Asks: 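Dropping a structure here in structure tokens format, bear with me for questions.
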Amino acid sequence: MVVQSLPSVDTSIPSPENPSKRVKIHLEEGSSPKDVVPGQRRVSARLQAAKQKADKELLLKRGVDLLDKNGASCRKRVNKNAENLNLNLNLNGTKQLTQISSRLTEPKMAVKVAKMVQRAAKIEEGLDSTSHVNASNVVEKSAHIKVKETLRLFNKHYLHFVQEEEMRCAAVKVNKKPPKGKNAKKGDVPEADVKGKAKRPDLKAITKMMENNEVLYPEKRIGCLPGIDVGHRFYSRAEMVAVGFHSHWLNGIDYMGQSYRKGEYDHYTFPLAIAIVLSGMYEDDLDNAEDVIYTGQGGHDLTGNKRQIRDQVLERGNLALKNCVDLGVPVRVIRGHESASSYTGKVYTYDGLYKVVQYWAEKGISGFTVFKYRLRRLEGQPILTTNQVQFTYGRVPKSSSEIRGLVCEDISGGQEDVPIPATNLVDDPPVAPTGYKYYKSMKVACNIKLPANAAGCNCKGSCWDPKTCECARLNGSDFPYVQRDGGRLIEAKHVVFECGPNCGCGPSCVNRTSQRGLRYRLEVFRTPKKGWAVRSWDFIPAGAPVCEYIGELTRTEELDSVSENNYIFDIDCLQTMRGLGGRERRQQDGSLPVIQNEDKVDEQRSENVPEFCIDAGSIGNIARFINHSCEPNLFIQCVLSSHQDVKLARVMLFAADNIPPLQELTYDYGYALDSVYGPDGKVKRMACYCGAEGCRKRLF
DNA sequence: GTGTTTCAGAGGTAT
DNA sequence: ACCTCTGAAACACGA
């Protein structure tokens with residue numbers, strides 16, 4: 001039986017994905033004191049007064065942890081909530097909170113409650129008790145975050161199904177081989193399966209989201225949707241379905257059918273159009289940005305050659321658009337663009353609300369009747385930035401002579417496969433980044449010896465079968481990456497076990513995705529307030545590796561004497577994992593060595609801070625220039641490849657979202673507030689200029 | 001390497 | 001049962 005998309009809470013079948021289970025897991029994890037250990041990256045002069053605070057605070061935090069599901073920038077928010085709650089709730093409040101949250105089986109509910117709590121706390125703080133503007137800001141912010149989370153969820157499902165397909169195709173290939181030579185010519189049974197024809201992972205992903213009630217706006221709405229601004233880019237039709245912005249992955253016209261006749265809409269005529277996609281499919285379309293002539297649907301020969309082969313009829317979408325004219329109901333207009341800045345080669349932009357001012361029937365180019373609709377863009381909306389790829393961030397330079405403010409052709413001095421230019425349009429005279437030496441790979445302090453004991457897998461060429469590959473077994477009998485787009489991480493994990501020097505596979509193995517160096521054209525650029533920053537000239541798909549955090553691998557204890565240094569990264573896989581937002585944690589199954597090790601690691605950590613860290617103060621790579629953001633587009637992933645000691649894991653940065661060219665790359669530094677101490681032993685504070693809507697205003 | 005053709009795919013809508 | 005046309009593999013072509 002098909003599960004309808006009715007919003008019911010408790011009908012879901014228990015499964016590894018079942019939210020209620022997930023909540024339970026959080027409960028268990030939250031109940032150990034380890035959570036109070038401060039963030040993984042600190043100023044070195046920290047007198048780690050990591051005195052675990054009172055049980056009260058712990059309880060508070062646990063409650064919020066629970067509520068906070070897995071949300072993006074979870075870490076930041078947890079800290080903030082913990083702080084606010086600390087100010088505003090008493091112990092009773094805490095208990096209530098914990099009880100409420102343990103009842104919540106629906107993750108969306110949990111998030112909602114967390115938001116409520118956050119807002120309530122804010123209001124109590126007096127931050128926005130007087131201002132409506134501020135209050136609405138809070139609402140706005142959560143809508144944006146919800147959209148982002150929904151898209152991340154879609155991406156996760158998508159990559160999961162991509163992997164499933166890749167597995168199937170690989171298996172088909174192998175099975176195809178045995179009947180080799182003459183005996184397998186005609187009547188091959190596997191021939192049908194062998195046709196490794198596209199099984200659309202995007203469609204499977206949206207199906208999954210409907211089953212799980214994860215579509216953000218399952219009810220159709222007239223007008224704009226909160227959290228999706230004019231100019232928003234979607235990277236496939238399926239993404240729009242996932243958030244409920246346009247609920248078909250195929251149709252051009254999305255409309256409300258007869259079923260919406262009741263309730264608040266009883267004075268409208270149905271069907272009623274609410275959103276259309278202009279993708280240049282119809283030969284009779286005319287697109288002049290602010291004014292559009294849109295051709296109705298139907299009569300198409302459906303082979304993609306834009307040819308009309310029949311008369312159109314005033315029904316379905318066509319009728320729905322006519323009703324928009326009669327009722328003056330605006331439609332959302334989405335344009336499709338060819339663009340290299342997408343993993344599908346296409347980008348869809350939301351271009352705003354348009355009024356359907358007129359409609360008529362005429363003989364189209366092919367001589368058949370088509371319905372036409374004149375649309376006019378409503379005034380007072382942000383300017384259209386529609387022309388192909390430029391969109392909002394500006395233009396990517398074509399050659400080095402075109403780069404404005406170039407201060408260095410390649411800060412890596414030829415070490416990286418892709419040169420990294422530096423630009424400075426802020427300082428006068430413009431200066432290049434100084435005070436460090438570029439290192440492409442880790443420098444290991446002389447008193448540290450990297451273990452070299454990792455056993456390898458026996459695969460040949462490229463690993464593909466998770467049942468036989470030893471390295472896949474370490475990852476819970478799955479590969480963490482998909483092959484597509486040169487390797488993408490499906491979802492964040494505690495630790496990723498990659499193939500290493502002792503493995504039989506070659507360098508092109510999918511399980512070596514993070515070992516292949518820089519893939520994107522990155523640029524270091526100067527900002528007015530945040531010092532240096534990094535952006536990419538290329539589109540980066542979600543899950544793609546961006547770079548490793550390189551510096552000197554050092555014992556943490558040796559840094560305490562060093563004075564100011566903002567480039568320390570503590571290697572602390574578990575903490576990193578906890579601080580990570582947006583992506584759900586893999587269901588823990590006992591077979592995972594990671595999990596087996598977890599207790600040990602926790603013991604080590606609960607009594608002390610991480611043993612090793614990466615110091616990029618005087619040597620380092622591109623990663624040392626990447627800024628913090630409270631709503632980042634990258635996340636940290638610990639990776640083990642040449643050995644299996646989590647304390648010495650490699651620290652990789654991956655794309656959390658689809659990142660358009662020229663958007664600044666950021667990750668969450670993960671500082672807990674008040675966790676950083678100056679040389680004088682006093683708490684140090686630093687303002688945050690990330691500019692995110694949900695910025696907590698302090699880096700630490 | 002680039003351009004063109006092919007076709008499965010699946011939910012919404014109305015019957 | 002019908003309608004919708006995307007997305008990506010498969011194919012064809014050219015260097």
Side-chain angles (χ1 to χ4, degrees), chain A residues 1-6 154 157-158 161-162 164-166 168-170 172-173 191-213 215 217-220 234-242 244-261 270-285 294-321 323 334-340 342-348 370-371 482-485 541:
Chain A
M1 196 173 87
V2 181
V3 180
Q4 281 298 317
S5 56
L6 293 168
F154 168 80
H157 290 316
Y158 171 77
F161 287 117
V162 166
E164 216 171 86
E165 272 307 288
E166 286 177 355
R168 192 182 60 81
C169 292
V172 164
K173 260 184 210 157
E191 195 60 40
D193 301 354
V194 167
K195 273 234 169 208
K197 195 62 179 138
K199 290 270 174 74
R200 307 274 302 258
D202 54 337
L203 302 185
K204 291 197 171 166
I206 52 179
T207 304
K208 181 107 189 166
M209 292 191 70
M210 287 174 192
E211 279 171 13
N212 297 357
N213 280 324
V215 174
Y217 299 114
E219 292 280 306
K220 298 189 188 194
F234 296 95
Y235 295 93
S236 71
R237 292 290 304 267
E239 276 197 355
M240 290 189 252
V241 180
F245 195 64
H246 187 298
S247 48
H248 306 270
W249 58 271
L250 210 49
N251 297 17
I253 306 168
D254 188 16
Y255 60 93
M256 298 164 122
Q258 304 300 334
S259 59
Y260 283 84
R261 193 153 38 185
F270 291 95
L272 190 57
I274 51 163
I276 61 172
V277 179
L278 302 176
S279 48
M281 270 309 292
Y282 283 84
E283 57 187 5
D284 295 310
D285 270 0
Y294 186 75
T295 310
Q297 62 189 187
H300 223 252
D301 79 351
L302 303 185
T303 55
N305 61 7
K306 299 189 178 186
R307 202 63 49 76
Q308 290 293 136
I309 56 162
R310 244 175 307 157
D311 286 344
Q312 292 188 345
V313 186
L314 194 57
E315 58 179 18
R316 299 171 188 274
N318 297 347
L319 184 55
L321 275 170
N323 287 334
I334 300 128
R335 279 189 177 77
H337 314 266
E338 298 283 325
S339 168
S342 170
Y343 58 97
T344 55
K346 259 189 165 173
V347 168
Y348 296 87
V370 289
F371 283 89
V482 298
Q483 206 97 46
R484 185 170 299 202
D485 303 313

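Proteins get letters first, then strands, A, B, ... in listed order; numbering begins at 1 in each. In this text the structure is predicted, and so the values were computed from the model without any measurement.
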Asks: For A:K208 and B:dA10, give me the distance from atom NZ to atom C1', rounded to whole Å.
Replies: 17 Å
Asks: Measure CG/A:D485 against C1'/C:dA9 and give the value in whole Å, please.
Replies: 15 Å
Asks: Looking at A:G298 and A:Q308, what are the two nearest heavy atoms and their distance?
Replies: O-NE2, 3.3 Å
Asks: Which residues pass the side chain to side chain contact (heavy atoms under 4.5 Å, CB included) test with A:V241, not counting sequence neighbours?
Replies: A:I206, A:M210, A:W249
Asks: Look at A:K208 together with A:E211 and state whether they make a salt bridge at an N to O cut-off of under 4.0 Å.
Replies: no
Asks: Report the C-alpha separation of A:F371 and A:L321 in whole Å, then their side-chain angles, then the decisive distance to 0.1 Å, and conclude whether the side-chain contact (heavy atoms from CB on, under 4.5 Å) test is met.
Replies: CA-CA 10 Å; A:F371 283 89; A:L321 275 170; over 6 Å; no
Asks: For A:R316, what residues pass the side chain to side chain contact (heavy atoms under 4.5 Å, CB included) criterion, not counting sequence neighbours?
Replies: A:Y255, A:Q297
Asks: Mind checking side chain to side chain contact (heavy atoms under 4.5 Å, CB included) for A:S236 and listing every partner two or more places apart, or none if nothing turns up?
Replies: A:F154, A:A238, A:E239, A:Y343, A:T344
Asks: Using the closest heavy atom to pick a nucleotide of DNA chain C for each, name whichever of A:D202 or A:Q297 lands nearer the 5' end.
Replies: A:Q297
Asks: If I take atom CG in residue A:L278 and atom C1' in nucleotide C:dT6, what distance separates them, rounded to the nearest angstrom?
Replies: 16 Å
Asks: Pick out the pairs of N or O atoms, protein on one side and nucleotides 2-4 of chain B on the other, that lie under 3.5 Å.
Replies:
none

Asks: Pick out which of A:R335, A:M240, A:H246, A:H337 makes a side chain to side chain contact (heavy atoms under 4.5 Å, CB included) with A:Y348.
Replies: A:M240
Asks: In whole angstrom, give the distance that lies between atom NZ of A:K199 and atom C1' of B:dC7.
Replies: 13 Å
Asks: Does A:R484 reach the side chain of A:P541, with side-chain heavy atoms less than 4.5 Å apart?
Replies: no
Asks: Given C:dA8, C:dT6, C:dT4, identify the nucleotide with an atom nearest to the side chain of A:R484.
Replies: C:dA8
Asks: Nearest of C:dT4, C:dT6, B:dA10 to any side-chain atom of A:R237?
Replies: C:dT6
Asks: What pairs of nitrogen or oxygen atoms, one from the protein and one from nucleotides 13-15 of chain B, lie under 3.5 Å apart?
Replies:
from: B:dT13; atom 1: OP1; to: A:K220; atom 2: NZ; distance (Å): 2.8
from: B:dT13; atom 1: OP1; to: A:Y255; atom 2: O; distance (Å): 2.7
from: B:dA14; atom 1: OP2; to: A:Q258; atom 2: N; distance (Å): 3.4

Asks: Nearest-Å distance, CG (A:L250) to P (C:dG7)?
Replies: 9 Å
Asks: Write down the distance between CZ (A:R200) and C1' (B:dG11), rounded to a whole number of angstrom.
Replies: 13 Å
Asks: Would you mind reporting whether A:S247 and A:K220 have side-chain heavy atoms less than 4.5 Å apart?
Replies: yes
Asks: Can you find a side chain N or O atom of A:T344 that sits less than 4.0 Å from OP1 or OP2 on C:dT6?
Replies: no
Asks: A:N251 CG to C:dT6 P: how many Å, rounded?
Replies: 10 Å
Asks: Identify, with sequence neighbours excluded, every residue that meets ring-ring contact (aromatic ring centres under 6.0 Å, His included) alongside A:F234.
Replies: A:H232, A:F245
Asks: Of the candidate nucleotides B:dG11, C:dT6, C:dG7, which contains the atom at the shortest distance from the side chain of A:S236?
Replies: C:dG7
Asks: Where each residue is assigned the nucleotide of DNA chain C containing its nearest heavy atom, which of A:G252 and A:Y158 is assigned the position nearer the 5′ end?
Replies: A:G252
Asks: May I have the distance from A:W249 (atom CH2) to C:dA8 (atom C1'), rounded to whole angstrom?
Replies: 12 Å
Asks: Over all strands shown, is A:G317 touching base, sugar-phosphate only, or nothing at heavy-atom distances under 4.0 angstrom?
Replies: nothing
